[in-house]
2 protein chains.
Amino acid sequence: MNIGEASSASGVSAKMIRYYEEIGLIRPMGRTGNNYRVYGQEEVHILRFIKRARNLGFSLEETETLLKLWQDKSRESSAVKEVATTHIGDLERRIAEMQGMVKTLKHLANCCGGDNRPNCPILDDLAGDGAVGDGVVGKKIRA
Amino acid sequence: MNIGEASSASGVSAKMIRYYEEIGLIRPMGRTGNNYRVYGQEEVHILRFIKRARNLGFSLEETETLLKLWQDKSRESSAVKEVATTHIGDLERRIAEMQGMVKTLKHLANCCGGDNRPNCPILDDLAGDGAVGDGVVGKKIRA
DNA sequence: GTGGAGCTTCCCATCATGGGAAGGTCAAGG
DNA sequence: CCTTGACCTTCCCATGATGGGAAGCTCCAC
């Protein structure tokens, strides 16, 4: 199987497969005489594992940890659970931040007529003349 | 006022102030004889506007739009409202995606004993042997 | 006059991904 | 046999927003 086939079989772009190899997330693949990478079912399986972990929002670093745990027969499932629960915490913190932003924005948008008059509470608030407060919704956009 | 003072008055790092100038988000500042940038209250005000928009999760591009609308006396507040509501939609989509991830992860973590036995439903699911489905929680991590 | 704090520009790193160029290779069809 | 097009290879660059740090200048206080 060439990289293109492995790509469509796993849902990971060829570009990313090469990148994952480059950063050591997956082992360098064997090559044919024409220097093409060769993949088998095993590799597709690994790539789909990675794809799913990424879909769940794990970083590549976390994915690497999970991948090693997956391939380690003697691993402790508590280690995996810890990675997962830490990640849940991260996600929930980011969700809460974003919900704060939405709440503030909705409040402002509700107060904003949206008509042709230049008065706009959204801009007034951003300019700091309003009373909604200075950055109360969260300091960091991304955790 | 030098850049350091403007930075602490606005909450925007000196590095970022220079960057905003470089990408044209703010006008190039006048310089003193020693080539130091000089800032006044007006500029601090603008920087705080930017800071607040960033805190609300607006991208720099959106912030630029808002900034122009803010400085345009003849703007229509409907334009501002549109930027805000679009942004609310973006945020809500991302929140929903993340909530899907959290739900799936919590389900998996609940099923995972977290003890020393190597059986782990989280890894089983990531490996694609489980029944939870293939990436149902959202294709893209970031919108 | 000296030390340290602050300013300048310039380059590099992050994280994950995509775009694209330049060149090799293979298969099919004229 | 030769062309065409699809595929592969490596290499460099870009994103978005931010930080780190080096090298060199200036300014102020002591």
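Residue numbers start from 1 in every chain, and the chains themselves are labelled A, B, ... in the order their sequence lines are given, proteins ahead of strands.
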Enquirer: Could you state the CD1-C1' distance from A:I23 to C:dT17, rounded to the nearest angstrom?
Expert: 11 Å
Enquirer: Minimum heavy-atom separation for A:I26 and A:I17, please, with both atom names.
Expert: CD1-O, 3.7 Å
Enquirer: Search all heavy atoms of B:V38 against all heavy atoms of B:M29 and return the closest pair with its distance.
Expert: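 Scanning both residues, the minimum pair turns out to be O-CE, 3.0 Å.
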Enquirer: Relative to each other, are the rings of B:F58 and B:H87 parallel, tilted or perpendicular (30° and 60° limits)?
Expert: parallel
Enquirer: Would you classify B:R18 as touching base, sugar-phosphate or nothing, given that sugar-phosphate means primed atoms plus P, OP1 and OP2, and contacts are heavy atoms under 4.0 Å?
Expert: base
Enquirer: Inspect the contact between A:K106 and B:E92 and indicate whether a charged nitrogen and a carboxylate oxygen are less than 4.0 angstrom apart.
Expert: yes
Enquirer: Would you give a per-nucleotide map of nucleotides 17-22 of chain D, 5' to 3', where B means the base has a protein non-hydrogen atom under 4.0 Å away, S means only the sugar-phosphate does, and - means neither?
Expert: BBSBB-
Enquirer: Charged N to carboxylate O below 4.0 Å: is that the case for B:R27 and B:E43?
Expert: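 Result for this pair is no, no salt bridge flagged.
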Enquirer: Note the angle between the end axes of the helix from C:dG1-D:dC30 to C:dG30-D:dC1, five pairs defining each, rounded to 10 degrees.
Expert: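 Between the first-five-pair axis and the last-five-pair axis there is 30°.
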Enquirer: Write down the distance between CG (B:N35) and C1' (C:dG6), rounded to a whole number of angstrom.
Expert: 13 Å
Enquirer: Nearest-Å distance, OH (A:Y36) to P (D:dA6)?
Expert: 14 Å
Enquirer: Given D:dC8, is OP1 or OP2 found less than 4.0 Å from the side-chain N or O atoms of A:R37?
Expert: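 The answer is no; no side-chain N or O of A:R37 sits under 4.0 Å from OP1 or OP2.
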Enquirer: With a cut-off of less than 4.0 Å, is there a side-chain N or O of A:N34 near OP1 or OP2 of D:dT9?
Expert: no
Enquirer: Rounding to a whole Å, what distance do you find between A:I17:CD1 and C:dG18:P?
Expert: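 In whole Å, C:dG18 P lies 11 Å from A:I17 CD1.
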Enquirer: Round to the nearest Å and state the distance from B:I3 atom CD1 to C:dA5 atom P.
Expert: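 Rounded to whole Å, this separation is 19 Å.
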Enquirer: Compare side-chain N and O positions of B:R31 against OP1 and OP2 of C:dT9 and report whether any pair is under 4.0 Å apart.
Expert: yes
Enquirer: Between B:E97 and B:R93 (salt bridge meaning N to carboxylate O under 4.0 Å), is one present in this structure?
Expert: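 Salt bridge between B:E97 and B:R93, a charged N being under 4.0 Å from a carboxylate O: no.
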Enquirer: Before accepting this row, confirm whether a basic side-chain N of the pair B:R18/B:E22 lies closer than 4.0 Å to the acidic partner's carboxylate O.
Expert: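 Salt bridge absent between B:R18 and B:E22.
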Enquirer: Give the rounded distance in Å between these two atoms: CD of B:E5 and P of C:dC7.
Expert: 8 Å
Enquirer: Minimum heavy-atom separation for A:S7 to A:A14, with atom names?
Expert: OG-N, 3.5 Å
Enquirer: Taking all non-hydrogen atoms of both residues into account, name the closest pair between B:F49 and B:L67 and its distance.
Expert: CD2-CD1, 3.5 Å
